[in-house]
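Dropping a structure here in structure tokens format, bear with me for questions.
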Amino acid sequence: MEAMSEKRVPPDVRAEVNAQIDQMVAGETQFIFDAFPDDQANPDFRAQVARMAANVPDGPELSRDVVGVIGSTEQAYSDTQGAIRRGTYNLAYELAFEDGYLLVQTAHTLDADGKCCVLRAINATRSVASPMLEDQAGRARLFKFLGLFFLISTLATIVVIVIRIGGKKAREKQMGGE
């Protein structure tokens, strides 16, 4: 997933997302309020931000892995504005702590000038077990096994066919069937 995020999401967007996650882990949530100024007075919004902050496990962060990527960038040309870059990027990170995991999902877009980044959505959920990474690793192992199985079975089938055809031709030659 990390390689996919490097391919689909520009470096400035990835850096911004990581900086925001660092802020959240440090207990700073002002960047969320700054991103949604119209909702700052909404008590439900404030409660949701407080829940996300409370979901961050205590203790040091042990690892941070990309577990989900959706990204698209498009270039357009306008007669009045020249080249315009637009983009939408959704990233999910799984953070491991000594006492649990934190799944942080973000959605960003580029601003009107095609520069990084406008926060459109963020969510942070806590879990006791790995919410995504271990399942992805298990599926990867399964697909590697299946690929190896199909490769070996295909080679075995080819060997059997070659032996049967070669054996049939040898028997015909011995019997004088030519």
Measuring only between side-chain heavy atoms, which start at C-beta, is Ile32 closer than 4.5 Å to Gln20?
no
All side-chain contact (heavy atoms from CB on, under 4.5 Å) counterparts of Leu148, not counting sequence neighbours
Ile152
For Ile70, the other hydrophobic cluster members (4.5 Å side-chain criterion, sorted by chain and number) are none
Can you tell me how far apart OG1 (Thr106) and CG (Leu91) are? Round to the nearest 0.5 Å.
5.0 Å
Give me each pair satisfying ring pair (Phe, Tyr, Trp, His ring centres under 6.0 Å) with a member in residues 54-74, each pair once, sequence neighbours excluded.
none
Check the hydrophobic clustering (I, L, V, M, F, W, Y; side-chain heavy atoms under 4.5 Å; chains of links allowed) and say if Phe31 and Met52 are grouped together.
yes
Atom pairs and distances, side-chain donor-acceptor, residues 153-163, under 3.5 Å, sequence neighbours left out:
residue	atom	partner	partner atom	Å
Ser153	OG	Phe149	O	3.1
Ser153	OG	Phe150	O	3.1
Thr154	OG1	Phe150	O	2.7
Thr157	OG1	Ser153	O	2.8

Pairs where residues 31-59 contributes a residue and the test salt bridge (Lys or Arg N to Asp or Glu O under 4.0 Å) is met, not counting sequence neighbours
none
Of all heavy-atom pairs linking Val104 and Leu95, the shortest is CG2-CD1, 4.2 Å
Residue pairs, two or more places apart or on separate chains, that pass salt bridge (Lys or Arg N to Asp or Glu O under 4.0 Å) and touch residues 147-164
none
How about Val118 and Leu110: do any of their side-chain heavy atoms sit closer than 4.5 Å?
no
Which residue in the set Val13, Val17, Thr109 passes side chain to side chain contact (heavy atoms under 4.5 Å, CB included) when paired with Cys116?
Val13
Point-to-point distance, once rounded to the nearest 0.5 Å, from CG of Leu103 to OH of Tyr93
12.5 Å
Any ring pair (Phe, Tyr, Trp, His ring centres under 6.0 Å) involving residues 38-71? Give me the pairs, sequence neighbours left out, ordered by first then second residue.
Phe33-Phe45, Phe36-Phe45
Within residues 12-30 or reaching into it, pairs that qualify as salt bridge (Lys or Arg N to Asp or Glu O under 4.0 Å) - sequence neighbours excluded:
Asp12-Arg85, Asp22-Arg64
Determine the minimum heavy-atom distance between Pro57 and Phe97, stating which atoms define it.
CG-CD1, 3.5 Å
Got a donor-acceptor contact below 3.5 angstrom from the Asn55 side chain to the Ala124 backbone?
yes
Residues forming a side-chain contact (heavy atoms from CB on, under 4.5 Å) with Ala107, sequence neighbours excluded
Asn90, Arg120, Ala121
Are Glu98 and Leu62 side-chain neighbours, meaning at least one heavy-atom pair lies under 4.5 Å?
yes
When rounded to the nearest 0.5 angstrom, what is the spacing between CD in Glu61 and CD1 in Ile21?
8.0 Å
Residue pair Asn123 / Gln48, side-chain heavy-atom distance below 4.5 Å:
yes
Do Tyr89 and Ser72 have side chains that get closer than 4.5 Å, going by heavy atoms?
no
Listed by chain and number, what are the salt bridge (charged side-chain N to carboxylate O under 4.0 Å, His left out) partners of Arg126, not counting sequence neighbours?
Asp99
What's the separation between atom CG in Leu102 and atom CD in Glu94, rounded to the nearest 0.5 Å?
9.5 Å
Does Gln40 have any side chain to side chain donor-acceptor pair (under 3.5 Å) partners at least two apart in sequence or in another chain, and if so, which?
none
